[in-house]
Amino acid sequence: MKKHNFSAGPCILPKSVMQKASEAVINFNGLDLSLLEISHRSKDFVAVMERAQKLALEHLELQNKGYKALFLQGGASMEFLRVAYNLLENKAAYLNTGTWSSKSIKEAKIFGEVVEVASSKDQNFNYIPKNYSIPSDIDYFHCTSNNTIFGTQLKNFPKTDAPMVCDMSSDIFSRQLDFSKFSIIYAGAQKNMGPAGTTLIVIKEDVLGKVSRTIPSLMNYNVHIGKDSMFNTPAVFAVYVSMLTLEWLKEKGGVSAIEKMNDKKADLIYSEIDRNPLFTGFVANEEDRSTMNATFNLTDESLADKFDTLWQGAGINGLNGHRSVGGYRASMYNALELESVQVLVDTMRELERKG
Ligand SMILES: *Cc1c(COP(=O)(O)O)cnc(C)c1O
């Protein structure tokens with residue numbers, strides 16, 4: 001039975017990517033060796049790393065603009081502390097829009113003063129704060145572009161003269177933005193780029209080297225830049241599959257083409273949530289709704305068992321909301337097809353018919 005995978009992460013990847021990845025595990029580049037058993041310093045793997053870095057910068061339109069792309073380990077959670085380790089001398093400003101923002105703030109506080117410029121915690125993070133002011137005497141401003149758990153997304157980014165750092169784990173490569181506004185962008189691979197195990201970090205080099213503390217090698221972005229992400233053994237499989245996904249995206253027409261498709265998918269699900277009296281959206285304001293993660297609830301909780309049976313019977317996977325929100329969450333990353341969203345919408349209509 002065809003599966004419709006709405007999992008929040010790790011999550012859906014293109015079938016063609018899975019096929020190529022599985023072939024490379026058996027016989028990589030016709031070498032009669034597995035990708036998993038060759039040196040990361042072999043010319044075949046070095047080419048993979050270089051290609052992945054190049055494609056990442058290309059998709060973000062950041063080539064030849066002073067940026068470096070790194071593929072490191074530790075997940076996005078590692079960057080919560082690595083960002084502060086490398087950039088926080090005195091004070092940093094953070095926008096708190098959810099669980100991941102809160103975690104990044106907690107780590108940054110180890111290294112210096114953190115000003116929380118605004119927070120939507122008062123309403124369980126169901127909106128994006130606006131009209132806050134950012135102090136000028138800060139080392140950097142940090143935000144989370146898409147709040148995977150709550151289903152909110154920043155559509156506009158604040159103006160600040162300070163370097164902007166953004167956790168884009170769950171919406172990287174999903175929409176066009178002026179990425180040159182950001183000094184550091186980071187994203188765990190497992191939401192929209194590849195398997196768990198690697199994190200993409202895109203850094204404008206001029207923000208580095210300004211703190212007075214000694215930074216241990218593995219924590220030091222400059223060390224990783226100097227070694228082209230090969231200071232220690234990279235997560236070879238995760239980097240390879242990320243590269244395949246970035247190639248797939250290029251064949252699809254790049255970020256601008258996938259954005260149109262993502263908008264269509266989001267329109268389809270949100271129109272049904274708004275129309276169908278049995279459902280209600282979790283996010284307070286329409287303009288804050290995420291195109292990647294749509295969070296919603298049943299208006300009548302007693303229908304939960306019926307609805308669960310319907311969507312599970314339709315081959316839908318991974319629709320349960322995060323434990324801190326409850327309800328449902330439809331994660332619609334790049335590789336999810338419009339057809340899968342239609343199947344979900346059909347089950348919502350079927351529930352309405354059968355009551
Ligand atoms: C999933 C997620 C994280 C955590 O990623 P790990 O790779 O598990 O550390 C951080 N930020 C956002 C926005 C996420 O969606």
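Starting from 1, each residue takes its place in the sequence as its number. Read the numbers this way: they start at 1 and go in the same order the structure lists the ligands and their atoms.
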Q: Please check if the side chain of D139 supplies one atom and the backbone of N90 the other of a donor-acceptor pair under 3.5 Å.
A: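 A pair under 3.5 Å: yes.
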Q: Can you check whether Y186 reaches V165 side chain to side chain, under 4.5 Å on heavy atoms?
A: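 Yes - at least one pair of side-chain heavy atoms lies under 4.5 Å apart.
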Q: Does the side chain of N192 come within less than 4.5 Å of M292's, by heavy atoms?
A: yes
Q: Can you tell me which portion of K191 lies within the under-4.0 Å heavy-atom range of ligand 1? Options are side chain, backbone, both, or neither.
A: side chain
Q: Any idea which atoms of ligand 1 are less than 4.0 Å away from a heavy-atom of A76?
A: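 Within the 4.0 Å cut-off of A76, ligand 1 contributes 3 (C), 4 (C), 5 (O), 6 (P), 7 (O), 9 (O), 10 (C).
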Q: Quick one: sort the F182 and F157 rings into parallel, tilted or perpendicular, breaks at 30° and 60°.
A: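 It falls in the perpendicular class, over 60°.
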Q: Among all protein heavy atoms, pick the one closest to atom 9 (O) of ligand 1 and tell me residue, atom and distance.
A: S77 OG, 2.6 Å
Q: So if I count the atoms of ligand 1 from 1 in the order they appear, which ones are less than 4.0 Å from some heavy atom of S169?
A: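 It comes down to these atoms of ligand 1: 10 (C), 11 (N), 12 (C), 13 (C), 14 (C), 15 (O).
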Q: To the nearest 0.1 Å, how far is atom 11 (N) of ligand 1 from its closest protein heavy atom, and which atom is that?
A: D167 OD2, 2.6 Å
Q: Is ligand 1 less than 4.0 angstrom away from at least one heavy atom of Q190?
A: yes
Q: As an exercise, identify every atom of ligand 1 less than 4.0 angstrom from a heavy atom of G75.
A: 7 (O), 9 (O)
Q: Enumerate the atoms of ligand 1 whose separation from the nearest heavy atom of T144 is less than 4.0 angstrom.
A: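 With T144 as reference, the close atoms of ligand 1 come out as 13 (C).
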Q: At a 4.0 Å threshold, what atoms of ligand 1 neighbour a non-hydrogen atom of F80?
A: 10 (C)
Q: Can you find a pair of side-chain heavy atoms, one from L35 and one from F45, that are under 4.5 Å apart?
A: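 Side chain of L35 against side chain of F45, heavy atoms only: contact under 4.5 Å found.
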Q: Any side-chain heavy atom of F279 within less than 4.5 Å of one from L351?
A: yes
Q: Is there a side-chain contact between K15 and E337 (heavy atoms, below 4.5 Å)?
A: no
Q: Under 4.0 Å, counting heavy atoms only: does N146 come that close to any atom of ligand 1?
A: yes
